[in-house]
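See structure below.
This chain uses plain numbering: 1 for the first residue, then up along the sequence. Atoms considered below: every heavy atom in the structure, side chains included; atoms not considered: hydrogens, waters and symmetry mates. Every value quoted in this text rests on a predicted model; they were computed, and no experiment measured them.
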Amino acid sequence: MPITPANGGSAETAETAAPSGSAEPIMLELVDEDGTTIGTAEKLSAHLAPGKLHRAFSVFLFDDAGRLLLQRRALGKYHSPGVWSNTCCGHPYPGEPPFVAAARRTAEELGMAPALLREAGTVRYNHPDPASGLVEQEYNHLFAGLVRAAPRPNPEEIGEIAFVTPDELERLRDKGPFSAWFMTVLDAARPAVRELTGTAAGW
């Protein structure tokens, strides 16, 4: 399980700048329990306890051997810095389809496009982050896919990456912290992941 540090030049990220590059705040879509849009909220305010239910996405990418691409979130992230998590996650802009947002953020964070990306369901959860006190009240759109290009992680977003088998994932979870939402989104995506990777991969 080689762990690869992120390196290279910086790039503007959609999690820290508005789409136009202006100083305008990042806005998220607020949703009801059925995932219907009911309004918008500024990103940080949506995560302040007790949290506002908002739309999010999570991406799980696998190589041809069925190994999951993980990222260790950069230490400069405002939320859950320095912890391991799934390939990519984030929030669509208001009115942006979740699939488009997932592809966009994968490119921004990892410098590549998936060879295949498909929907893998949705999951709703409430996960407080014990370190920051922020709360993830999310209606999360899940995506699973394949990666064949070499990742080029943006060091402003990602500290390290690793491709892991299920056994290697368990060993890594024993060694250090993962994001509060990681197992919730992975478990919800497992049926689609198994269809994608095959039973031999062990997911």
Side-chain angles (χ1 to χ4, degrees), residues 3 5-6 10 12-19 22-60 68 70-94 96 98 101-102 104-106 108-110 121-143 153-162 169-170 172-189:
I3 295 177
S10 64
E12 180 183 30
T13 67
E15 292 293 286
T16 55
S22 69
E24 296 177 3
I26 304 284
M27 303 300 290
L28 309 183
E29 276 191 358
L30 300 181
V31 300
D32 64 16
E33 294 292 340
D34 296 319
T36 301
T37 302
I38 58 173
T40 61
E42 187 274 328
K43 181 181 175 182
L44 182 58
S45 72
H47 291 86
L48 297 177
K52 299 175 182 176
L53 184 59
H54 59 274
R55 195 178 309 282
F57 65 84
S58 290
V59 177
F60 297 86
L68 171 60
L70 298 177
Q71 65 156 281
R72 187 166 179 263
R73 293 165 64 86
L75 293 175
K77 299 283 280 186
Y78 83 100
H79 192 337
S80 302
V83 303
W84 286 98
S85 197
N86 50 292
T87 309
C88 179
C89 57
H91 310 93
Y93 295 128
E96 182 182 28
R104 170 177 59 81
R105 283 301 288 165
T106 299
E108 291 169 349
E109 293 191 7
L110 289 153
T122 59
V123 63
R124 190 261 196 255
Y125 53 77
N126 174 4
H127 282 308
D129 175 34
S132 66
L134 299 175
V135 178
E136 289 288 10
Q137 288 267 16
E138 293 191 331
Y139 187 94
N140 197 310
H141 298 255
L142 309 173
F143 299 93
N154 176 355
E156 293 184 6
E157 298 285 349
I158 297 173
E160 298 171 302
I161 59 171
L169 172 61
E170 290 308 307
L172 191 59
R173 289 183 64 214
D174 288 339
K175 292 180 180 178
F178 272 67
S179 63
W181 61 87
F182 175 75
M183 285 308 301
T184 298
V185 293
L186 175 58
D187 286 343

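A side-chain donor from one of Glu136 and His79 sits under 3.5 Å from a side-chain acceptor of the other. Gln71 and Glu160 share no side-chain donor-acceptor pair at under 3.5 Å. For the residue pair Arg55 / Thr37, a side-chain donor-acceptor distance below 3.5 Å is found, with atom types taken as modelled.
In this structure, the side chains of Trp84 and Ile3 come closer than 4.5 Å at one or more pairs of heavy atoms. Looking only at side-chain heavy atoms (C-beta outward), Leu110 and Ile158 come within less than 4.5 Å of each other. Residues Asn126 and Val135 form a side-chain contact, since some pair of their non-hydrogen atoms from C-beta on lies under 4.5 Å apart. At least one side-chain heavy atom of Cys89 sits less than 4.5 Å from a side-chain heavy atom of Arg73. Side-chain contact between His54 and His91 is present, with at least one heavy-atom pair separated by less than 4.5 Å. A 4.5 Å side-chain heavy-atom check between His47 and Leu28 finds at least one atom pair inside the cut-off. Residues Leu70 and Leu172 are in side-chain contact: their nearest non-hydrogen atoms beyond the backbone lie under 4.5 Å apart. Counting only heavy atoms from C-beta outward, the side chains of Thr122 and Asn140 never approach each other to under 4.5 Å.
One finds the CG atom of Leu44 at 11.5 Å from the CD1 atom of Ile26 (value rounded to the nearest 0.5 Å). Remark: Phe57 CZ to Cys88 SG distance equals 5.0 Å, nearest 0.5 Å.
Between the Asn86 side chain and the Ser58 main chain, no donor and acceptor come within less than 3.5 Å of each other. Proximity of a side-chain donor or acceptor of Asp34 to a complementary backbone N or O of Thr36 within less than 3.5 Å is not detected. A donor-acceptor distance shorter than 3.5 angstrom exists from the side chain of Arg72 to the backbone of Gly82, with no hydrogens or angles considered.
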Could you check Val185 against Val123 for side chain to side chain contact (heavy atoms under 4.5 Å, CB included), going step by step and ending with a plain yes or no?
CA-CA 7 Å; Val185 293; Val123 63; 4.1 Å; yes
For Glu33 and Arg124: C-alpha separation, side-chain torsions, deciding distance, then whether salt bridge (charged side-chain N to carboxylate O under 4.0 Å, His left out) applies.
CA-CA 8 Å; Glu33 294 292 340; Arg124 190 261 196 255; 2.9 Å; yes
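Ring geometry, Tyr125 versus His127: the interplanar angle falls from 30° to 60°, so the pair is classed tilted.
The residues Glu157 and Arg105 are annotated as salt-bridged, a charged nitrogen and a carboxylate oxygen being separated by less than 4.0 angstrom.
For the pair Pro92 and Pro98, the tightest heavy-atom approach, listed with the atom from each and the gap, is CG-CA, 4.1 Å. Nearest heavy atoms, Tyr139 versus Asp32: CD1-O, 4.5 Å. Considering every non-hydrogen atom in both Ser179 and Val83, the closest pair reads N-CG2, 3.7 Å. Taking all atoms of both residues into account, the shortest heavy-atom contact from Ser85 to Phe182 is C-CD1, 3.9 Å. Closest of all the heavy-atom pairs between Lys52 and Ala41 is CD-CB, 4.3 Å.
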